[in-house]
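Single-structure report; data block below.
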Amino acid sequence: MESDESSIERLKRTLYSRDEAVVPKERRTPVEPHPINVPTDWGTPKSFDISPEIMVKHNNSFFNKFLLGSVVFFLASVGVALFIFYGGFNMISSNNLDIKIVAPSSVSSGEELSVGLTVANSNRTDLENVNLVIEYPIGTQSIEEGNKVLTRERIPLGTIAKGGTSDHSIRVLIFGEKDAVKQFKFSLDYRVKGSNATFSKEKTYDVLIGSSPILLNVLYPSEVNSGQEINLSVDVTSNSTVVLKDTLVKVEYPYGFTYKDSNIKPIRDNSIWNIGDLKGGDKKTLKIKGVLVGQNLEDRSFRVSAGIQNGDNSKDFDTPLASSAVTVGIRKSFFDLALDVGDGVVDVGQQIPVNIKWQNTLPDKVLNSHIEATLSGNILDRSSVQVGDGGFYRSVDDTVLWSKNSTSILGSILAGEDGDVSFSMSSINNQVAVRSIKNPHIDVHVVMTGDRSGSDSGTISSSADVTIKLSSQLAISAKSYRNQGSLTNSGPIPPRADKETTYTVTWSLTNTTNDLKDTVVSATLPAGVSWKSEVSPASDKINYNPDTRVVSWNAGNITAGTGYSLSPKTISFKLGLTPSVSQINSIGTLLLQTSVNSTDTYTTKSISLNAPQVTTQFSDSSFRQGDDIIGR
C-alpha cells in the first residue's frame, strides 16, 4: 500500500533522521528512448544586416526624443526659476520693488506739474547701484533749467537698504492740446550684492491735459467765389499763468489758395509766424490775405495751429498747444460783382461815391434780380447817404435797396448782359470826434440775388465786400525859440549883421486816428546858418549832413492820438545865424521848408506834408515886434 506521505514530508524526515534505512527509496519513472536527428552542417547562415532606412529612422527617433526631453527640461527649469524669482519665493524679486507715484491725474497745459516718486525695496537684501530713468513725453520743459526741453533723464539713487525707501520729485512744465494724454515712463535698474547681473523695473504715469494755454479763434467767410480775395483773422489768446515765449502760428493752406499778404511778416514759407511772447490774458491777431480758386461747390479746409518754438529755429513747434480747422465753400460768381470806391482811403468828411458793377456770367437769363448794400462802420455819416438809379436807403438797418420795381433792368438780365447802380456817402465831419476812434472805417457788403431760368433754374446769389478806411491826420509844427527849452542860446536880439545869434528850432508831430511808421522829418539849412550839434533829447535819431546841409530826424512810429490823448512827439536842436549886411532890415531865415514822410499802418498809404520855413520870428512870450529884424 502506497504511503500518503508527500515528498516534502519525506525529505524533512530524512534530514532529521539518524537512520538512513528508514528513508524509502524513491521510485523513478522510466523514460523511453527518444531519437534525435542532429544535422551534420550549419546550413545557410542568416543575415544580420540592417537597412540604412531603418537605421536612420531608429537613430532620429532616439535623438529627437532625447533633444525634446532636454528642451522640455530646460524650459521647465527656467519657468520654475522665473516663478520663484518673480513670485517672491526668492530673496530678490521685482515684485518686491515698487515705484509709488503721487501726482495729479490732470493738469492745465503750460502749468507746473509736480510728481512725487518713492522707490520702496521690500526685498530681504540691499539693492545697489540703483538708477532711476525718466522718459518724458513730448512737450515737457524743465522749470529749474530755464525751460530746457526734457526728453530723457538718468538719476542715480545709490543703495536702497532692505525694507528701505528712496524719495525723488520732479517739477516740470508740460504743454499739449486740450484732452491730450501725456505718458511718463519710469524705469529702475539695479544690482544685488555678489552679482554682476542688472535687473530692471518699469512703471508708467499718464496725465491728462485739462485745458490749453492758448485759445484760438479763427474768423473766416463760410463761402467765397472762385478767384475772390479771402481774409482769415486768427485771434491768439494766452490762457496760461506763465509767459509763453516765442509763440508760433502755423497755417496749412488747402490746394488752390495763394498767399498774398499778412499784417505780421512770416518767418518761413508764408505759413509760419512768430507772434512773440504772450503773458496771461494777452491777445494777438494775425490777419492773412489771399486768393482761393476752385470748382463750384468744392470745400477747402484751412488748419491753424499754435505752439511754442523749440530750440531749433529751422523747425516748427514740437507739440501744438491749440489747433482749429475751418472749411470754406467755393461758389461760382453768378453776377461777377465788383465795387468801385477808388483807392478806398478818404479824409474826414469826404464824400465817397460807390459804384456797384455786375454782369450775368451764366448762359441763362436771370429774372427778378435784387441788390442790397449794407453799410456799417464807426465813421459812417448816416445822414449823408444819397442813392441813384431808383434805389432806396432804408435807414433803420442802413441798407440800400434796388429791385425790378424801381430799376427796370433788374427785371430780366440776359446772358452776358452787364450794368451798374450807384450811391454815395461820407464819413463824419468832426475832427475832434474822429481823433478818439481807433482804425476808423466804413464797410459795404453787397448781395445780389435773382431767379435763374432754364434747366438749372433756381435762386442764385453773389456777394462782394469793400472797406473804406479813413486816413490818419498827421501834422507838424516847426518853430524857433530863444529862451524856452533845455538848450541855452546867445547873441544879440534883434540879430545883427556879421554877429552870430543862436536859436532853438523845435519840430513837433501830432497824429489822429491810425498808427504811423517810418516817419522822417527833414529840412535844409540856408546860407549863413550853421549846425551847432546840440540836440534835445540827445537820444533821438537826428542827423546833419554838411555836404547837403540837410538835417533829418528819424521819428519812427507815431502812435494814434499823439498830440491829443498823448503828448506830441518833439525834438529840438540849436542853429546859429550870422546875417550878412545884405540882409539888414529883413527877417532872417533859419530853416527852409520842412517836409514829413510817413506810412499809415492801417491804410498802408504814404503820407506827405510840408511845414513853412522857420525864421527869426521866435515863439517865446518875450518876443517884441522888431526882435526878428536884422540890424546893423
Side-chain angles (χ1 to χ4, degrees), residues 69-145 147-176 179-210 319:
S70 301
V71 171
V72 171
F73 177 78
F74 174 76
L75 293 177
S77 301
V78 172
V80 171
L82 292 176
F83 175 75
I84 292 174
F85 181 81
Y86 289 103
F89 299 113
N90 195 11
M91 292 180 61
I92 303 299
S93 172
S94 61
N95 286 344
N96 296 330
L97 182 63
D98 189 20
I99 306 174
K100 298 178 181 179
I101 302 173
V102 179
S105 59
S106 65
V107 67
S108 298
S109 180
E111 293 188 354
E112 179 179 332
L113 171 64
S114 296
V115 180
L117 302 171
T118 300
V119 180
N121 177 21
S122 299
N123 290 286
R124 289 178 287 172
T125 186
D126 297 346
L127 302 182
E128 299 178 344
N129 298 325
V130 182
N131 292 285
L132 173 64
V133 179
I134 306 175
E135 295 182 26
Y136 296 97
I138 294 175
T140 306
Q141 295 183 3
S142 171
I143 295 179
E144 300 173 351
E145 299 183 48
N147 294 340
K148 173 186 175 183
V149 176
L150 298 176
T151 56
R152 193 172 189 272
E153 184 178 13
R154 187 179 184 87
I155 304 167
L157 301 181
T159 300
I160 302 179
K162 60 181 180 180
T165 60
S166 178
D167 296 327
H168 185 75
S169 63
I170 59 174
R171 295 172 58 242
V172 296
L173 295 177
I174 187 164
F175 294 91
D179 297 329
V181 176
K182 298 291 185 176
Q183 185 177 86
F184 290 75
K185 183 178 179 182
F186 302 103
S187 304
L188 287 174
D189 58 70
Y190 58 93
R191 293 181 180 179
V192 296
K193 188 175 182 180
S195 173
N196 290 327
T198 300
F199 303 95
S200 63
K201 174 82 173 185
E202 292 184 356
K203 198 166 187 179
T204 59
Y205 158 61
D206 294 338
V207 60
L208 175 70
I209 302 298
T319 303

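In what follows, every heavy atom counts, from backbone to side chain, and hydrogens, waters and symmetry copies are set aside. On a predicted model such as this, the values are computed, not experimentally measured, just so you know.
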Between the side chain of [X] and the main-chain N/O of [Y], is any donor-acceptor distance below 3.5 Å?
| X | Y | result |
| --- | --- | --- |
| Asn121 | Leu97 | no |
| Lys100 | Ala120 | no |
| Asn129 | Arg191 | no |

Side chain to side chain contact (heavy atoms under 4.5 Å, CB included) between Val192 and Asn123, worked out: CA-CA 10 Å; Val192 296; Asn123 290 286; over 6 Å; no

Does the side chain of [X] reach to within under 4.5 Å of the side chain of [Y], using non-hydrogen atoms?
| X | Y | result |
| --- | --- | --- |
| Val130 | Ser166 | no |
| Leu113 | Pro104 | yes |
| Phe186 | Leu117 | yes |

Would you please test Glu128 and Tyr190 for side chain to side chain donor-acceptor pair (under 3.5 Å) and show each step? CA-CA 6 Å; Glu128 299 178 344; Tyr190 58 93; over 6 Å; no

Fit a plane to each ring of Phe184 and Tyr136, take the angle between them on a 0 to 90° scale, and name the class: parallel (under 30°), tilted (30 to 60°) or perpendicular (over 60°).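 Perpendicular: the ring planes of Phe184 and Tyr136 meet at over 60°.
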
Check the pair Asp98 / Lys203 against salt bridge (charged side-chain N to carboxylate O under 4.0 Å, His left out), numbers first and verdict last. CA-CA 9 Å; Asp98 189 20; Lys203 198 166 187 179; 3.4 Å; yes

Would you mind telling me which of Leu150, Ile134, Ile143 makes a side-chain contact (heavy atoms from CB on, under 4.5 Å) with Val172?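 Single side-chain contact (heavy atoms from CB on, under 4.5 Å) partner of Val172 among Leu150, Ile134, Ile143: Leu150.
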
For Val119 and Thr165, what are the C-alpha separation, side-chain angles and deciding distance, and is it a side chain to side chain contact (heavy atoms under 4.5 Å, CB included)? CA-CA 5 Å; Val119 180; Thr165 60; over 6 Å; no

Carboxylate-amine/guanidinium contact Asp189 Arg154, below 4.0 Å: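 Salt bridge: yes.
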
Between Ser200 and Glu202, is any side-chain donor less than 3.5 angstrom from a side-chain acceptor?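 Short answer, no.
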
